[in-house]
Amino acid sequence: MKIKNIRAKLYQWTGPVKTSDTIFATPLSPLPFQKDSQAPFRFFSWLVVVVETDDGTIGLGNAGLSPDVAKLVVDAKLTPLLIGENPLNTEYLFEKMYRSTVAYGRKGAVLAAISAVDIALWDIKGKIMGQPIFMLMGGRTKEIIPTYYSRLYTRDLDSLRKEAEHYKAEGFTGMKLRCGYPLRDGIQGMKKNVEMVKVVREVVGDDVDIMLEAYMGFNYSYARRFLKLLEPYNLRWVEELLLPDEIHNFSKLKRETGIPLSGGEHEYTRFGFHDLLQANALDIFQFDTNRVGGFTEALKICNMAQCHGVEIIPHGGQMHNLHVVMSSFASPMAEYFPKTEIEVGNELFWYIFDGEAITENGQLQLDDHKPGLGLTLKTEDLTHFNIIE
Ligand SMILES: [Mg+2]
């Protein structure tokens with residue numbers, strides 16, 4: 001069997017976007033002169049990679065990170081490396097892509113492109129073997145996948161209260177809110193961020209996990225004081241307090257706080273996560289399989305993390321992450337981005353694929369009989385997309 005053809009399709013959303021009530025800290029918000037420090041972190045396009053073999057099998061992969069740049073990488077750099085190769089040689093093909101691009105790749109958009117291709121190759125492997133991808137990795141490690149609700153973008157306390165109440169009533173036993181006030185707002189902003197956590201804790205009670213997202217928006221000295229103030233609220237974790245390159249500052253924080261620290265959604269490959277483990281920097285890894293190097297790298301990182309007692313709770317829902325969660329004892333739960341109107345871009349995949357798992361009582365299930373990833377491309381309701389091939 002040989003790879004015959006690869007198409008990188010860029011889905012650009014042209015429909016309505018709601019941004020009015022989504023204000024939270026980002027890596028840009030500490031800087032002066034910022035009117036909209038979230039603008040570079042909203043994304044309204046998605047890349048789909050379609051790999052076709054000479055026997056007509058189709059594999060689907062995707063990239064949500066910098067999809068326009070990832071498309072260029074797939075078209076110009078990766079496709080010529082792959083045509084004519086056996087798609088089942090996933091270990092060899094990852095290494096071929098990684099080593100061929102290492103001079104300018106290693107992290108970021110190039111890894112997103114490699115990940116999209118790797119996911120498509122595993123989709124083909126599953127379809128050829130007649131098994132879902134999780135069965136090709138560790139098989140089933142749990143009867144069902146618990147999820148936590150990932151939203152609460154607002155910083156308005158009344159809306160926050162209503163939202164949290166609603167998710168608890170839907171059966172979710174975990175939910176994540178965002179830090180509404182950035183570093184620039186100083187001690188007053190810090191107190192308001194704590195107030196947001198306090199309000200959610202009051203609404204959901206003691207038996208629901210609360211997670212707090214900082215989206216790389218703070219620095220070491222802020223984070224240190226902030227964590228102290230957060231201690232009474234029994235948070236499940238605080239996410240990405242610092243820039244991803246501040247590995248040693250994460251290590252210092254981890255030594256100073258009892259609150260679990262998470263991160264890694266902007267880290268890449270087994271090498272990046274090995275560095276985090278060596279530095280004892282985080283309690284929870286949140287790689288996204290469509291950034292980290294696909295299933296090929298995700299598997300290795302799960303195995304390393306397990307030895308260090310580090311949990312894997314991938315970034316984003318989506319089938320490529322759910323197969324990892326299902327197949328690894330390192331992973332206790334999945335993130336759930338619900339299908340909503342388009343706000344920050346995380347929702348877009350619902351409008352592109354059919355077959356994504358939907359939660360019931362805060363949990364979701366994977367089908368033992370759907371081979372590969374379990375996804376197909378939508379053929380209807382695409383009027384709000386401009387698709388570039
Ligand atoms: Mg995050």
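For the single chain, residues carry numbers from 1 onward in sequence order. All ligand and atom numbering here is 1-based and tracks the order in the structure.
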Atom name, Glu213 (N, O or S, nearest to the Mg ion (ligand 1)): OE2

Side-chain touch Ser45/Trp13, heavy atoms, less than 4.5 angstrom: no

Minimum-distance N/O/S atom that Glu265 presents toward the Mg ion (ligand 1): OE1

Minimum-distance atom from the Mg ion (ligand 1) among N, O or S atoms of Glu239: OE2

N, O or S from Glu240 under 2.8 Å to the Mg ion (ligand 1): no

Axial cation check for Phe353 ring with Lys378, 6.0 Å and 45° limits: no

Side-chain heavy-atom pair Tyr98, Lys96 within 4.5 angstrom cut-off: no

Geometric class of the Tyr167/Tyr149 ring pair [parallel <30°, tilted 30-60°, perpendicular >60°]: parallel

